[in-house]
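As a basis for the values below, the full set of heavy atoms in this structure was taken, side chains included, without hydrogen atoms, waters or symmetry mates. First the proteins, then the strands, lettered A, B, ... as listed; each starts at 1.
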Protein chains: 2
Amino acid sequence: MNVAVDFGGAIHLQARSPYPAPVAKRDVPQSRRLAAGEALFFEGDDANFVYEVLDGVLRTSKVLCDGRRLVVSFNYPGQLVGFSHDTVQHATCEAIGKAKVAVIKRSALSSIIRDRPEFAEQLLRFTAESLNSMQEHFVVLGRKCASEKIASFLLALAEREAESDGGAVAFRLPMTRSDIADFLGLTIETVSRNLTALKSEGVIDLPQTNLVRVRNIERLRDKTLQEHS
Amino acid sequence: MNVAVDFGGAIHLQARSPYPAPVAKRDVPQSRRLAAGEALFFEGDDANFVYEVLDGVLRTSKVLCDGRRLVVSFNYPGQLVGFSHDTVQHATCEAIGKAKVAVIKRSALSSIIRDRPEFAEQLLRFTAESLNSMQEHFVVLGRKCASEKIASFLLALAEREAESDGGAVAFRLPMTRSDIADFLGLTIETVSRNLTALKSEGVIDLPQTNLVRVRNIERLRDKTLQEHS
DNA sequence: CGACGGGTTGAAGTAAATCAATAGGGGTGG
DNA sequence: CCACCCCTATTGATTTACTTCAACCCGTCG
């Protein structure tokens, strides 16, 4: 997303987009540090807080009683997590590595919306963008084959790292193969196989297991939707 | 969702939930009637309007260039469609049968949010509920097998029709098998096979192709998550 | 009546899962 | 510093759930 919002000092969705820069922070934002793997909240917890990711990457997921897991989203700095329509959290949110979040009392939301309509608007824009990107992910989950899923995933990460150095983009994969598999509705074996396939085709490099260098982003883009005819 | 909102007469998300009843309608809401199959908007259209479904059922979908389609959601009365974070629509929305929608100018949203913070709050609640239900659908798409997908789909429809007459619930399927398939990431054949399987097991009845009677909702619920061990 | 679209049912094919073994890599302790 | 372990990742062989292909049914409509 990347809306810039000042929220009484507590919230400040990061600004890359053409939105007003944050104004004065009246209060010290209440923030919380998380260790690698630490949970921010679990599915079923009281949804008393909303969080903004400040640093690190979080993982929002749902687990079925038989152990099957689906990763709903990876949450990067500037994104909001824990925003529920009712009183409980509907997914679990954990830090992948060390992370830092801003903590916003849910009970404070109403008054803030009332006092700062521009905040309400930006919050809505944020949720709308989430909605739209989730719709795109539906297509990936429901209608793309394994190789297209992997390519789509890598492309999305590559585009998030706008720092393309002459066509080539390199980025870290903070998440494990298991996380990727559970995000794309695949198994770790299938993820692994398709990554090595992309590597041997010369589309990407894998200098380390969690380091990707896209050698040819256009070929990667082609892979997100191969007319296999 | 089912928030009750008065929106200068134009918007009025239907109320089943504990929200204030609509107040006076100052303007005649601008509404639009749709014929069966008619499109409300296409992916790529300018997102100048947001719509509230008043009557009938709509289908929001995305199509890939090779024809693969994914139905993002079925939109029942009280729901909002066409809410985009930017200037274009990211999915296509069509009426399944005859339908009627309220039309809201997108440009009017800001001022309305400013004037009516309670509307902003309810709109946020609506988007948050969409977000949460989409997360649940991720699990269905990404981690459930065909029979579980079908059971989950039918259960969701059954629970929407709260009019249970002594354990048994009956409802119409306004959408085709093809729509269901594209919603669940399956083929029409698989949908058909699994429906007949549920029928022969005595879980449901199919008096007509688009009429479902749930004979045993608890067994249906079990089917949404079978530990196939 | 015959054509058409949507739905069901059957047989065969295949992409991805599962099962299984091996390889790498980072941290700990000797 | 090296040896070992544990966990993650890779690679291979086999199985399977779902798709694909194909035939047929049935209600509707010109």
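Residues B:Asp55 and B:Arg33 form no side-chain contact, since every pair of their non-hydrogen atoms from C-beta on lies 4.5 Å or further apart.
Within 4.0 Å of B:Leu195, counting heavy atoms only, lies no atom of the nucleic acid at all. Residue A:Gln208 is classed as having no contact, given no heavy-atom separation below 4.0 Å to the nucleic acid.
Checked by atom type, the side-chain pair A:Asn75/A:Thr60 shows a donor-acceptor distance below 3.5 Å. Defined by atom type and a distance below 3.5 Å, a donor-acceptor pair is present between the side-chain atoms of A:Thr187 and A:Thr190. Between the side chains of A:Thr92 and A:Lys62, no donor-acceptor pair of N or O atoms lies under 3.5 Å.
Take the nearest nucleotide of DNA chain C for A:Glu189 and for B:Thr190: the residue whose nucleotide is more 5' is B:Thr190.
The existence of a salt bridge linking A:Glu201 and A:Arg215 is excluded, since no basic side-chain nitrogen approaches an acidic carboxylate oxygen closer than 4.0 Å.
Within 3.5 Å, a donor on the side chain of B:Arg193 pairs with an acceptor on the base of C:dG10, or the reverse.
When the C1' atom of C:dG7 is taken as reference, atom CG of B:Asp179 falls 13 Å away, rounded to whole Å. Following rounding to the nearest Å, A:Leu211 (CG) and C:dG25 (C1') show an atom-to-atom distance of 15 Å. C:dA15 atom C1' lies 17 Å from atom NZ of A:Lys144, rounded to whole Å. Residue A:Lys199 contributes atom NZ, which lies 11 Å from atom P of C:dG24 at whole-angstrom precision. Taking atom CZ of residue A:Arg143 and atom C1' of nucleotide D:dT20, one finds them 13 Å apart after rounding to whole Å. Going from atom CG of B:Asn210 over to atom C1' of C:dT8 covers 15 Å, rounded to whole Å. Distance A:Arg68 CZ to C:dA16 C1': 16 Å, rounded to the nearest Å. With rounding to whole Å, A:Glu148 atom CD is found 14 Å from C:dA16 atom C1'.
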Filtered N/O pairs between nucleotides 5-9 of chain D and protein, under 3.5 Å:
unit_1	atom_1	unit_2	atom_2	d
D:dA9	OP1	A:Arg177	N	3.1
D:dA9	OP2	A:Arg177	N	3.2

With the criterion being N/O to N/O and under 3.5 Å, what pairs connect the protein with nucleotides 25-28 of chain D, and how long is each?
none

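Taking only side-chain atoms of A:Ala146, from C-beta outward, the nucleotide of D:dT11, D:dC18, C:dA16 with the closest atom is C:dA16.
The shortest heavy-atom contact between B:Leu141 and A:Gly142 is CD2-CA, 4.0 Å.
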field: Test log, rule salt bridge (charged side-chain N to carboxylate O under 4.0 Å, His left out), inputs B:Arg221 and B:Glu159
entry: CA-CA 11 Å; B:Arg221 198 183 308 276; B:Glu159 287 179 340; 2.8 Å; yes
field: Residues B:Arg59, B:Asp182; criterion salt bridge (charged side-chain N to carboxylate O under 4.0 Å, His left out); working and verdict
entry: CA-CA 11 Å; B:Arg59 181 208 319 126; B:Asp182 288 344; over 6 Å; no
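Taking only side-chain nitrogens and oxygens, A:Thr187 never comes nearer than 4.0 Å to OP1 or OP2 of C:dT18.
Using modelled atom types, one side-chain atom of B:Asp45 and one backbone atom of B:Phe42 make a donor-acceptor pair closer than 3.5 Å. Side chain of A:Arg106 to main chain of A:Ser84: a donor-acceptor pair is present (N/O by atom type, distance under 3.5 Å, no hydrogens or angles). Counting only distance, with no hydrogens or angles, the side chain of B:Lys100 and the backbone of B:Leu34 share no donor-acceptor pair below 3.5 Å.
Comparing the end axes of the helix from C:dC1-D:dG30 to C:dG30-D:dC1, each fitted to five base pairs by superposing C1' atoms of four pairs onto the next four, gives an inter-axis angle of 30° (nearest 10 degrees).
Between B:Phe74 and B:Phe183, the ring-plane angle classifies as tilted under the 30° and 60° cut-offs.
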